[in-house]
A.B. asks: 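The following block contains the structure, expressed as structure tokens.
Sequence lines set the chain letters: A, B, ... in the order given, protein chains first and strands last, and positions in each chain run from 1.
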Amino acid sequence: VDDTFSKILLLIAVIFGTINVVGGFLVTDRMLEMFKDRRPAPGDDR
Amino acid sequence: MTVLASFVTSENFRNVLYIVAFALFIYGLSGLTGPKTAVRGNRIAAVGMAVAIIATLLVDNLSNIVLIVAGMVIGTLIGVPAARQVKMTAMPQMVALFNGVGGGAVALIAWTEFRETGGFADVPTYVAIFSVFAAIVGSVSFWGSNIAFAKLQELISGRPSPSGACRRRSTRCSASWRSAAAWRSSPASTPSC
């Protein structure tokens with residue numbers, strides 16, 4: 001890709017895609033952490 | 001080019017990495033089926049995504065690598081603090097935004113494809129069909145998610161807002177908008193139309 005306008009579009013696309021991937025996995029991680037049972041189960045040595 | 005470099009950038013090696021990536025996706029997704037394994041499953045899927053991105057970046061003679069890396073750095077700098085710092089009560093809006101930019105990326109790629117191929121003149125028909133499909137779905141995701149964000153953030157009214165053809169032919173469309181609203185407010189029921 002050589003055209004400047006196309007480069008700008010694709011730069012925004014890469015930024016958007018990275019936000020989507022990084023943000024998506026991180027918020028999923030945060031939300032799933034809330035479902036963890038905080039009381040240690042009997043025999044659980046965590 | 002050294003032997004190692006030609007091996008790493010070979011298509012076979014990349015395909016092996018893609019197999020590793022989708023194996024991690026499937027394994028991670030199976031972890032998401034239970035609350036005890038879900039956190040681990042999500043992280044395994046994230047590793048799979050990292051492998052897939054690295055594999056794609058290994059394409060030989062990748063042009064504009066500086067712009068690609070710059071985009072990934074900027075995206076990370078925006079995405080990580082946004083995901084980390086957002087209040088749990090504001091999470092639905094944030095998810096809407098993250099979902100929207102994914103669609104936006106797809107639409108922008110399709111737009112560039114259109115520009116770079118003389119309006120799909122230089123590509124096989126199936127490529128043109130899928131690119132148009134990507135442009136439509138990506139645009140709908142992007143703008144739809146932004147409206148969802150604005151509603152959840154209470155920047156605009158949460159009521160269904162008819163637009164375009166619906167605004168002009170109000171009687172016919174209002175019925176479908178009402179049933180769509182009813183369906184959205186109670187996901188268990190189906191639209192009556």
A.B. asks: Are any of the side-chain nitrogens in A/K7 or B/E116 under 4.0 Å away from the carboxylate oxygens of its partner?
C.D. replies: no
A.B. asks: Which atoms form the tightest heavy-atom contact between A/G17 and B/A105, and what is the distance?
C.D. replies: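 It is N-CB, 3.8 Å.
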A.B. asks: Please classify the contact between A/V14 and chain B as side chain, backbone, both or neither, with a heavy-atom cut-off of under 4.5 Å.
C.D. replies: both
A.B. asks: Using heavy-atom distances under 4.5 Å, tell me whether B/A82 contacts chain A through its side chain, its backbone, both, or neither.
C.D. replies: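 For B/A82, there is no contact with chain A at all, as no heavy atom is under 4.5 Å.
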A.B. asks: Using a cut-off of under 4.5 Å for heavy-atom pairs, which of B/G100, B/P35, B/A45 has the most such pairs with chain A?
C.D. replies: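 Counting heavy-atom pairs under 4.5 Å, the top option is B/A45.
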A.B. asks: Is the number of heavy atoms from other residues, nucleotides or ligands under 6.0 Å of B/F133 CZ greater than 12?
C.D. replies: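 No, CZ of B/F133 has 12 or fewer neighbouring heavy atoms, counting only those of other groups under 6.0 Å.
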A.B. asks: Within a 6.0 Å radius of atom OH on B/Y27, are there more than 12 heavy atoms belonging to other residues, nucleotides or ligands?
C.D. replies: no
A.B. asks: Below 4.5 Å from any heavy atom of chain A, which atoms of B/A50 appear? Answer side chain, backbone, both or neither.
C.D. replies: neither
A.B. asks: A/R30 side chain to B/V86 main-chain N or O, any donor-acceptor pair under 3.5 Å?
C.D. replies: yes
A.B. asks: More than 12 non-hydrogen atoms from neighbouring residues, nucleotides or ligands closer than 6.0 Å to CZ on B/R84, yes or no?
C.D. replies: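 12 or below, so no.
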A.B. asks: Please round to the nearest 0.5 Å and tell me the distance separating atom CD of B/E113 and atom CG of A/L10.
C.D. replies: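 Here the rounded value is 9.5 Å.
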A.B. asks: Show your reasoning for whether salt bridge (Lys or Arg N to Asp or Glu O under 4.0 Å) applies to A/E33 and B/R40.
C.D. replies: CA-CA 10 Å; A/E33 284 280 0; B/R40 208 169 69 100; over 6 Å; no
A.B. asks: Out of curiosity, B/I109 CD1 to A/S6 OG, how far, rounded to the nearest 0.5 Å?
C.D. replies: 12.5 Å
A.B. asks: Against chain B, label A/V27 side chain, backbone, both or neither, depending on which of its atoms sit under 4.5 Å from a heavy atom there.
C.D. replies: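 For A/V27, heavy atoms of backbone and side chain both lie under 4.5 Å from chain B.
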A.B. asks: Do B/M49 and B/I19 share a hydrophobic cluster, counting only Ile, Leu, Val, Met, Phe, Trp and Tyr and linking them when any side-chain heavy atoms are less than 4.5 Å apart?
C.D. replies: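 Yes; B/I19 is reachable from B/M49 via cluster members.
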A.B. asks: If Ile, Leu, Val, Met, Phe, Trp and Tyr residues are connected whenever their side-chain heavy atoms lie under 4.5 Å apart, and connections chain through other members, are B/L77 and B/V69 in the same group?
C.D. replies: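 Yes, B/L77 and B/V69 fall within the same hydrophobic cluster.
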A.B. asks: So what's closer than 4.5 Å to chain A heavy atoms on B/L32: side chain, backbone, both or neither?
C.D. replies: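 It is the side chain, since no backbone atom gets that close.
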A.B. asks: Measure the spacing between CE of B/M72 and CG of A/L11 and express it to the nearest 0.5 Å.
C.D. replies: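 Interatomic distance, B/M72 CE to A/L11 CG, rounded to 0.5 Å: 12.5 Å.
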A.B. asks: Rounded to the nearest 0.5 Å, what separates atom CH2 in B/W111 from atom CZ in A/F5?
C.D. replies: 4.0 Å
A.B. asks: Within this structure, what is the CD1-OG1 distance for the pair A/I12 and B/T112, rounded to the nearest 0.5 Å?
C.D. replies: 9.5 Å
A.B. asks: Any link between A/F25 and A/M31 through a network of hydrophobic side chains (Ile, Leu, Val, Met, Phe, Trp, Tyr) touching at under 4.5 Å?
C.D. replies: no
A.B. asks: Is it possible for you to say whether B/V132 and B/V123 belong to one hydrophobic cluster, with membership spreading through side-chain heavy-atom contacts below 4.5 Å?
C.D. replies: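 Yes; tracing contacts between hydrophobic side chains, which count when under 4.5 Å, links both residues.
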A.B. asks: With a 4.5 Å cut-off on heavy-atom pairs, point out which of B/G103, B/G79, B/A83 contacts chain A the most.
C.D. replies: B/A83
A.B. asks: Between A/D29 (side chain) and B/N42 (backbone), is there a donor-acceptor pair under 3.5 Å?
C.D. replies: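 No, the answer is negative, given that no donor and acceptor are paired below the 3.5 Å cut-off.
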A.B. asks: Which of the residues A/L9, A/D3, A/L26 is involved in the greatest number of heavy-atom pairs with chain B at under 4.5 angstrom?
C.D. replies: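 Option with the top pair count is A/L9.
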A.B. asks: With side chains defined as the heavy atoms from C-beta onward, is the minimum distance between A/I15 and B/I78 less than 4.5 Å?
C.D. replies: yes
A.B. asks: Is there a path from B/V59 to B/F22 through hydrophobic residues (I, L, V, M, F, W, Y) whose side chains come within less than 4.5 Å of each other?
C.D. replies: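 In one cluster with B/V59: B/F22, yes.
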A.B. asks: Given that the side chain runs from C-beta out, which part of B/S63 has a heavy atom under 4.5 Å from chain A: side chain, backbone, both or neither?
C.D. replies: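 When you check distances to chain A, only side chain atoms of B/S63 fall under 4.5 Å.
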